**Student:** 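One structure is given below, represented as structure tokens, and several questions about it will come after.
This is a predicted model, so every value here is computed, not measured.
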Amino acid sequence: MKLINNLFIDYVEAVKERVEDFPKELDEQYQVIKQGFEGEKQFASLLNEIEGLWWIYDLQIKNYNQIQFDFLVITDDEIIQFEIKNFTGDYYYDNQKLYRSSGYVAKDLINQFEVAHDGLKRVIQKYNINRRVKSYIVFIHPTFTLHGDLRSKVDILVNSELYKLKEMVSNNFKYDHNKLIYDKLKSLHQPFLTNNKHFQKIQFDEINGGVRCTKCRKMLQTELIYNKRKYLNCNHCGTVLMRSDIIIKSLKELYLLKDAPFSVKEAEEWTGVSNSAIKRILYCNFERVGQGKATKYVTR
């Protein structure tokens with residue numbers, strides 16, 4: 001299973017470098033969410049390496065005080081919850097709190113973890129699922145260093161212990177039965193987290209159009225895009241780019257940032273691509289809505 005960026009991450013990465021002054025608060029929020037998501041992607045890649053394993057990402061259940069699980073892994077004997085934290089540097093555990101020397105406190109980390117663990121146990125009992133429940137906090141970043149006896153409070157894994165993961169979840173021979181449990185738990189998913197849909201967006205008329213290099217993310221010169229060659233070189237970093245791919249990427253960003261269907265004329269103005277070329281790309285790679293002069297396009 002491949003994890004897909006949430007809407008907030010996609011939006012910020014589409015709008016960055018397209019405005020004069022990118023809001024500091026939005027960038028700080030992005031850095032936190034992006035770092036957390038990168039840790040989750042890393043953990044998912046480890047699970048994907050294990051054959052025949054049933055696991056669920058981001059299960060949300062509205063009952064039991066609204067609980068969310070980063071990862072649930074179903075084995076023959078256990079359902080294991082993994083809460084992923086991509087913290088970096090030195091952390092100290094004291095007086096029921098985990099904090100950095102800078103003063104940052106990981107608020108309610110232990111309490112939320114325990115609430116999720118107890119909530120999972122109630123779900124398992126309610127649906128008569130014959131599995132024990134185990135829960136771990138995974139501090140996945142290699143620079144994370146723990147000071148203090150957090151292990152006496154909760155079960156944890158740090159980066160240097162991730163080699164244990166395969167053995168922890170290897171007892172999965174009851175493939176069909178585990179699949180039934182997987183299906184049942186998935187059916188309970190009732191999203192209550194908004195995927196950051198209501199964050200503060202930038203006015204569309206303040207956003208600059210253009211096509212960007214997918215490597216360095218800088219805007220490409222218009223004459224490079226207008227040229228009809230199949231491949232081109234970024235005028236900033238020199239990366240070889242397939243012309244159609246970067247135009248399609250830019251049009252997807254147009255749809256995301258406008259948050260509405262767009263016309264051929266808008267696509268032409270946004271990308272700097274000729275009318276005939278942009279039409280070919282739209283016909284082959286985007287979905288049409290409306291008819292005649294009212295025809296517009298959306299991402300498939």
**Student:** Would you indicate whether the side-chain heavy atoms of L257 and Y11 approach each other to under 4.5 Å?
**Tutor:**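 Sidechains of L257 and Y11: in contact.
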**Student:** Check whether any side-chain heavy atom of I110 lies under 4.5 Å from a side-chain heavy atom of F113, and answer yes or no.
**Tutor:**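 No - every pair of side-chain heavy atoms lies 4.5 Å or more apart.
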**Student:** Apart from V240 itself, what residues make up its hydrophobic cluster, given side-chain heavy atom links below 4.5 Å?
**Tutor:**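 Its cluster mates, by chain and number, are Y231, M242.
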**Student:** I want to know whether F139 and F144 have ring centres closer than 6.0 Å.
**Tutor:**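 Yes - the distance between ring centres of F139 and F144 falls below the 6.0 Å cut-off.
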**Student:** Quick one: does Y163's side chain get under 4.5 Å of L165's, heavy atoms only?
**Tutor:**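 SC-SC contact between Y163 and L165 ruled out.
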**Student:** Thinking salt bridges, do E268 and K279 make one under a 4.0 Å N-O criterion?
**Tutor:**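 No, E268 and K279 are not salt-bridged.
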**Student:** Side-chain heavy atoms under 4.5 Å apart, restricted to Ile/Leu/Val/Met/Phe/Trp/Tyr: what other residues fall into the cluster of Y92, or is it alone?
**Tutor:**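 Y99, V105, all in the cluster of Y92.
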**Student:** Kindly indicate whether the side chain of I61, heavy atoms from C-beta on, has any atom under 4.5 Å from the side chain of V123.
**Tutor:**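 Yes. Closest side-chain heavy atoms under 4.5 Å.
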**Student:** Taking NZ, NE, NH1 and NH2 as the nitrogens, is one of them in K166 or E49 under 4.0 Å from a carboxylate oxygen of the other?
**Tutor:**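 A salt bridge is absent here (no side-chain N lies under 4.0 Å from a carboxylate O).
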**Student:** What residue among K134, R132, K121 forms salt bridge (charged side-chain N to carboxylate O under 4.0 Å, His left out) with E78?
**Tutor:**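 Exactly one option meets the salt bridge (charged side-chain N to carboxylate O under 4.0 Å, His left out) with E78, and it is R132.
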**Student:** Looking at side-chain heavy atoms only, is the closest gap between K85 and H141 below 4.5 Å?
**Tutor:**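 With C-beta onward as the side chain, the pair stays apart.
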**Student:** Apply salt bridge (Lys or Arg N to Asp or Glu O under 4.0 Å) to R131 and list each qualifying residue two or more places apart in sequence or on a separate chain.
**Tutor:**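 Per chain and number, R131 pairs via salt bridge (Lys or Arg N to Asp or Glu O under 4.0 Å) with no residue.
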**Student:** Are R151 and D149 side-chain neighbours, meaning at least one heavy-atom pair lies under 4.5 Å?
**Tutor:**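 Side-chain contact under 4.5 Å: yes.
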**Student:** Less than 4.5 Å apart, any side-chain heavy atom of I156 and any of L146?
**Tutor:**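 In short, these two side chains touch, coming nearer than 4.5 Å.
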**Student:** Is there side-chain contact between R100 and D90, with at least one heavy-atom pair below 4.5 Å?
**Tutor:**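 No, side chains not in contact.
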**Student:** Name the residue from D183, V73, N172 that meets the side-chain contact (heavy atoms from CB on, under 4.5 Å) definition with N178.
**Tutor:**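 By the side-chain contact (heavy atoms from CB on, under 4.5 Å) criterion, N178 pairs with just one of D183, V73, N172: N172.
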**Student:** Between Y182 and W55, does the ring centroid distance fall short of 6.0 Å?
**Tutor:**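 No, ring centres 6.0 Å or more apart.
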